[in-house]
Undergrad: 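Take this structure, written in structure tokens, and hold onto it; I'll ask about it next.
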2 protein chains.
Amino acid sequence: MSQTQQERKAETRARLLAAAAGLFADQGIDAVSVDAVAESAGRTSGAVYAHFGSKQGLLLALLDSWKDSVLTVLLAEVAVTKSPRGQLAAVWENLADTTNDDSGRWSLLEHELWLRAARDPEVADVIRVRNAEARRFSARQLAGWTTASNARPAAEPEQLAVLVKALLTGLAMQRHLEPGAVTDALAVQGLAALLGLPGDVAPSKPSTTKPTIRSNHTDEEPHHEH
Amino acid sequence: MSQTQQERKAETRARLLAAAAGLFADQGIDAVSVDAVAESAGRTSGAVYAHFGSKQGLLLALLDSWKDSVLTVLLAEVAVTKSPRGQLAAVWENLADTTNDDSGRWSLLEHELWLRAARDPEVADVIRVRNAEARRFSARQLAGWTTASNARPAAEPEQLAVLVKALLTGLAMQRHLEPGAVTDALAVQGLAALLGLPGDVAPSKPSTTKPTIRSNHTDEEPHHEH
DNA sequence: GTCTATATCCCGATAGAC
DNA sequence: GTCTATCGGGATATAGAC
């Protein structure tokens, strides 16, 4: 059955965006030509310019289509686990799983966007808005965790979210460069320190929780390479 | 006094490197042409290829000329202050001072190099070695701070250095995008939480800390092969 | 809206004079 | 070692047919 013109137009636009997302993440934005994006989407470069006007327009449209997804989804899907430490571990492993190359591609693209934002005000505006939304969301999440357990967070939720994201981002960067230097346990430990989770900083007053630190949950063996 | 040929050669090399450093930091590596580097150094592109063979060779030579400086210098120069909190504040402010645009340029170039390292093994080797050295140095520094005060760091020195650098890097990124979102006080607070400095996380009972796990330092020579 | 063809520009690298 | 001139390639973006 044939499509209407509107359907084809919409599909072309969607295909171009999807192709751009994959290629940009894999090779970097500057390294990907408009022709390459179009070819990967089964179209030609003319379609790109008809839809987005320029390569920059394509990039901005791509960012706009990411308003809600990515990090928000990540935080939402781990909301099922109960213990704060388990939550932290889940967040970190989803973010920096070296076996899953998707996360590596995303973090690479995230950093390239940050770098571009530093020199391109148009991109900066979009990224800034997205960051602020994600921060508010994770602040709510963190507030819930810290009140559930009797924690002594290093700051109030909004600022705590900044600290947590900073640590996650920096750890993911170092793991990407030297996978052996950042173990899962270290990441959880650092996050727990920021949240002030009982068990590692204040063992004096364990009202209800059990302060076992290291004998508990899944401990994957960090695989070395070579 | 005229120069000898060797002197002129050395000066040309130095000028090319200096020009490349400035332009790369300002505009990004890919955005700077070889001609632009040469012109900024008062030479022509032929000089670049005579000295470095390619643009990539220029980049690697530039990285090599930065073996010791940058972060090591930064950590060393703040070693005078006494209180750990003062040290933390000094490190952070030197790293992320928004009024000083040098630090902004520096961190931008630093991130671009990280991004490039993720896709270019040659660059990755250099960055990895430099990171490892800086980590060892700051680990020693941190060990001194934490033992001087009665702190409960979140991890042993080498790993603590990873956490601290991660937090600093992530905070600097967020401050670059949203300067208002990251206050100096927040940064110091987060760092203090990682170091387990008394006064903010464990006001109750700073009892005996766990014994140092690793007191000897293995001086492994970073090997690089290609 | 999409394709083909092309205009225009700029980059990295090389060749050869000096 | 440095400069001038240039080649070859690939990029963004446009023009016009359909």
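Each chain gets a letter, A, B and so on, in the order its sequence line appears, and its residues count up from 1. Note that these values count all heavy atoms, side chains included, but never hydrogens, waters or copies made by symmetry.
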Undergrad: Determine, for A:Arg105 against A:Glu110, whether the closest basic-nitrogen to carboxylate-oxygen distance falls under 4.0 angstrom.
TA: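 No, this pair does not count.
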
Undergrad: Just the rounded figure in Å: distance from P of D:dT14 to CG of A:Asp35.
TA: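 Interatomic distance, CG of A:Asp35 to P of D:dT14: 14 Å.
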
Undergrad: Go through it in stages, so that I can follow the logic: the residues are B:Arg85 and B:Gln189, the test is side-chain hydrogen bond (donor to acceptor under 3.5 Å, both in side chains), and I'd like the CA-CA distance, side-chain angles, deciding distance and then a yes or no.
TA: CA-CA 9 Å; B:Arg85 272 194 128 77; B:Gln189 193 73 6; 3.2 Å; yes

Undergrad: For A:Leu59 and D:dT12, what is the distance between atoms CG and P respectively, to the nearest whole Å?
TA: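 The answer, rounded to whole Å, is 12 Å.
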
Undergrad: Please list, in numerical order, the residues of residues 9-16 of chain A that have a heavy atom closer than 4.0 Å to any atom of DNA chain C.
TA: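 Residues of residues 9-16 of chain A under 4.0 Å from DNA chain C: A:Lys9, A:Thr12.
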
Undergrad: Heavy atoms only, 4.0 Å cut-off, all strands: where does A:Val48 land among base, sugar-phosphate and nothing?
TA: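 The answer is nothing, as A:Val48 stays clear of every strand by at least 4.0 Å.
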
Undergrad: Using atom CD of A:Gln27 as one end and atom P of D:dG10 as the other, report the distance to the nearest whole Å.
TA: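 Checked: the CD to P distance equals 14 Å.
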
Undergrad: Compute whether any side-chain donor of one residue and acceptor of the other, for B:Ser33 and B:Asp35, lie under 3.5 angstrom apart.
TA: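 The answer is no; no qualifying pair exists.
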
Undergrad: For B:His51 and A:Ile29, take the nucleotide of DNA chain D holding the closest heavy atom to each; which residue's nucleotide lies nearer the 5' end?
TA: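 Looking at DNA chain D, the more 5' nearest nucleotide goes with B:His51.
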
Undergrad: What is the distance from CD of B:Glu39 to P of C:dC10, rounded to the nearest Å?
TA: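 B:Glu39 atom CD is separated from C:dC10 atom P by 13 Å.
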
Undergrad: Measure the acute angle between the ring planes of B:Trp114 and A:His111, then classify it against the limits of 30° and 60° as parallel, tilted or perpendicular.
TA: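 Ring orientation of B:Trp114 relative to A:His111: tilted.
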
Undergrad: Any carboxylate oxygen within less than 4.0 angstrom of a Lys/Arg side-chain nitrogen, looking at A:Glu112 and B:Arg116?
TA: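 Salt bridge between A:Glu112 and B:Arg116, a charged N being under 4.0 Å from a carboxylate O: no.
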
Undergrad: Can you find a heavy atom in the side chain of A:Leu195 that is under 4.5 Å from one in the side chain of A:Val164?
TA: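 Yes. Closest side-chain heavy atoms under 4.5 Å.
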
Undergrad: Closest approach to the side chain of A:Ala50, judged atom by atom: which nucleotide of C:dT2, D:dT12, C:dT14 is it?
TA: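 When the side chain of A:Ala50 is considered, C:dT2 is the closest of C:dT2, D:dT12, C:dT14.
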
Undergrad: How close or far is atom P of C:dT2 from atom CD of A:Gln6, stated in whole angstroms?
TA: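 My rounded result for the distance is 12 Å.
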
Undergrad: Quick check: closest heavy atoms across B:Ala21 and B:Leu109, and the distance to 0.1 Å?
TA: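 Closest approach of B:Ala21 to B:Leu109: O-CD2, 4.3 Å.
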
Undergrad: How far does CH2 of A:Trp92 sit from CG of A:Leu171, to the nearest 0.5 angstrom?
TA: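 Reported to 0.5 Å precision, the distance equals 5.0 Å.
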
Undergrad: Whole Å only: how far is the OH atom of B:Tyr49 from the C1' atom of D:dC7?
TA: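 The distance from OH of B:Tyr49 to C1' of D:dC7 comes to 13 Å, rounded to the nearest Å.
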
Undergrad: Find the distance B:Asp30:CG to D:dT12:P and express it as a whole number of Å.
TA: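 It works out to 13 Å between those atoms.
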
Undergrad: For B:Glu7 and D:dT2, what is the distance between atoms CD and P respectively, to the nearest whole Å?
TA: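 In whole Å, D:dT2 P and B:Glu7 CD are 13 Å from each other.
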
Undergrad: Nearest 0.5 Å please: distance from the CG atom of B:Leu108 over to the CZ atom of B:Phe24.
TA: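 Reported to 0.5 Å precision, the distance equals 14.0 Å.
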
Undergrad: Report each atom pair, protein N/O against N/O of nucleotides 3-6 of chain C, whose distance is under 3.5 angstrom.
TA:
from	atom 1	to	atom 2	distance (Å)
C:dC3	OP2	A:Thr44	N	2.9
C:dC3	OP2	A:Thr44	OG1	2.8
C:dC3	O5'	A:Thr44	OG1	3.3

